[in-house]
Amino acid sequence: MAGIRASDSASKVMTGLGELGALALRVLLPGLSAGSLDRVYAELYREGLAGACLFGLQQASPAGVASWTTQLLDANAAAVVAIDEEGGDVTRLHAREGSPVLGAAALGAIDDPVVTSRAAATLSRELVELRIGLVLGPVADIQTNPLNPVIGTRSFGADPVLVSRHVSAWISGASSEGLACCAKHFPGHGDTSEDSHTALPISEVPAELLAQRELRPFRSAVRAEVAAVMTAHIVVPSLDPAHPATFSRVSMDRLRSDLGFRGAIITDALDMIGASGTSGIDVAAVRALAAGADLLCLGPGTSADSIRHLQAQIVSAVRAGQLAEQRLAE
């Protein structure tokens, strides 16, 4: 990037991996805790590492978070600083005392889009003040399976029409404060009975119902000009019986072609069992990129050595013909 000079050691890495190495860094979104940005990670950001997803903020003050994001953005002004901050049960900034913003289930029960929009705007103002640019929400999943262990109150409800209008309202409220949103988890994690953190769930929803129900809130999100969509580590046999959505070109094409989405496709965290339990994160990373993902969420506690390893693995995949250089460049 203009105005950012790599250190001598960074230059050596770039010499070894070339432009492919720079492109590989620009698709990686590690999970980090706010604190002092160490020298090794600062160097990665100067080289163009895509950004960070904030975790582990229980002991961090707002001033501490703001200081950390400033350090990161000073190293790479184009970096994406993201956070899982849905309100209600899912909060990083207020893990000790609880979120001051209602969660999706409560907002769906009230069923007033104005209230939902204002809640998202309130949350967004706080994030923008901390120089966080992307919120991993809203949840666009429809809570149709009472045995679902992972979505639950994170969903606005079981009615696709209700969920759709609140997804739109949430995006509108957040965007009004300058925050980008990422709707999740495409193509819909609501009708599953397992948690993709610990297993590979299967959604047996028929193709026609998928189009009418699961995909409806994502269509609303696209119409609301959502900046990003997150994939789910689930298999939907009616869509693609062979691949989880995160690794499915069919699923990505559905999002791009049928729903008309032109923003960034972000994976759910690749350290989850549903993504990498049988293959490892490096294999999962290449598969996701080849399928059409743009940004790889890596889960909390990602070390700098892990970033270097993934960078090298992505470059090797391109050189071996497993991943098209044009796809990486996209």
Side-chain angles (χ1 to χ4, degrees), residues 25-35 37 41-42 44-45 48-58 60 62 64-87 90-95 99 101 104 120-121 123-140 154 167 170-171 173-175 177-186 197 221 225-233 246 261 263-272 275 281 285 288-289 293-302 306-307 310:
L25 283 180
R26 286 165 62 184
V27 300
L28 300 178
L29 188 71
L32 301 176
S33 299
L37 191 67
Y41 247 110
L44 285 167
Y45 284 114
L49 181 61
C53 185
L54 286 169
F55 291 96
L57 303 182
Q58 290 89 337
V65 174
S67 174
W68 185 87
T69 56
T70 297
Q71 292 174 57
L72 189 158
L73 292 168
D74 283 347
N76 180 356
V80 175
V81 184
I83 192 168
D84 255 340
E85 194 71 26
E86 300 171 10
V90 179
T91 176
R92 310 297 176 187
L93 292 174
H94 302 283
S99 175
V101 175
L123 182 151
S124 299
R125 281 192 291 272
E126 180 179 29
L127 299 184
V128 169
E129 287 178 1
L130 299 177
R131 302 191 71 184
I132 295 168
L134 175 68
V135 62
L136 301 182
V139 170
R154 300 169 64 196
V167 163
W170 209 95
I171 293 168
S175 300
E177 297 297 329
L179 187 71
C181 298
C182 177
K184 58 189 183 183
H185 307 80
F186 187 84
H197 291 85
E225 299 184 344
V226 71
V229 170
M230 177 174 284
T231 62
H233 307 321
T246 296
F261 180 60
I265 297 177
I266 305 178
T267 71
D268 207 344
L270 291 182
D271 64 324
M272 294 163 61
I281 293 177
L289 291 170
D294 301 307
L295 195 57
L296 308 178
C297 184
L298 302 176
T302 309
S306 296
I307 293 294
L310 279 171

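If you read the sequence from its start, that first residue is 1, and numbering goes on from there. Any value given below was found using the heavy atoms of this structure, including those in side chains, with hydrogens, waters and symmetry copies removed.
- The two residues F55 and G299 come nearest to each other via the heavy atoms CE1-C, 4.3 Å.
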Just do the side chain to side chain contact (heavy atoms under 4.5 Å, CB included) check on L54 and L93 with the steps written out, would you?
CA-CA 9 Å; L54 286 169; L93 292 174; over 6 Å; no

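- When all heavy atoms of A42 and A75 are compared, the closest pair comes out as O-CB, 3.9 Å.
- What you find for I266 and A228 is that their closest heavy atoms are CD1-CB, 3.7 Å.
- Side-chain N or O atoms of T267 include one that pairs as donor or acceptor with a backbone N or O of C297 at under 3.5 Å.
- Listed by chain and residue number, E177 satisfy the salt bridge (charged side-chain N to carboxylate O under 4.0 Å, His left out) test with R125 (two or more places apart in sequence, or in another chain).
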Tell me, with the steps shown, if S124 and V135 meet side chain to side chain contact (heavy atoms under 4.5 Å, CB included).
CA-CA 8 Å; S124 299; V135 62; 5.5 Å; no

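- V65 and A60 make their closest contact through CG2-CB, 3.9 Å (heavy atoms, listed as atom of the first residue, atom of the second, distance).
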Apply the test side chain to side chain contact (heavy atoms under 4.5 Å, CB included) to residues D84 and K184: give CA-CA distance (whole Å), side-chain angles for both, the deciding distance (0.1 Å), then the verdict.
CA-CA 11 Å; D84 255 340; K184 58 189 183 183; 2.8 Å; yes

Just do the side chain to side chain contact (heavy atoms under 4.5 Å, CB included) check on L28 and T302 with the steps written out, would you?
CA-CA 11 Å; L28 300 178; T302 309; over 6 Å; no

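- Heavy-atom contacts from other residues, nucleotides or ligands closer than 6.0 Å to CZ of R92 number more than 12.
- Formation of a donor-acceptor pair under 3.5 Å by the T231 side chain with backbone atoms of F186 is not found in this model.
- Applying the salt bridge (charged side-chain N to carboxylate O under 4.0 Å, His left out) test to E85 and every residue at least two apart in sequence or in another chain returns nothing.
- Remark: the backbone N or O of A269 is paired with a side-chain donor or acceptor of H233 at under 3.5 angstrom.
- Between L134 and C53 there is no side-chain heavy-atom pair separated by less than 4.5 Å.
- Nearest approach of L29 to A82, heavy atoms of both residues: CD2-CB, 4.4 Å.
- Side chain of T69 to backbone of L130: a donor-acceptor contact under 3.5 angstrom is found.
- Nearest heavy atom pair, residue A104 against residue R154, reads CB-O, 3.1 Å.
- Note: S67 OG to L72 CG = 11.5 Å, rounded to the nearest 0.5 Å.
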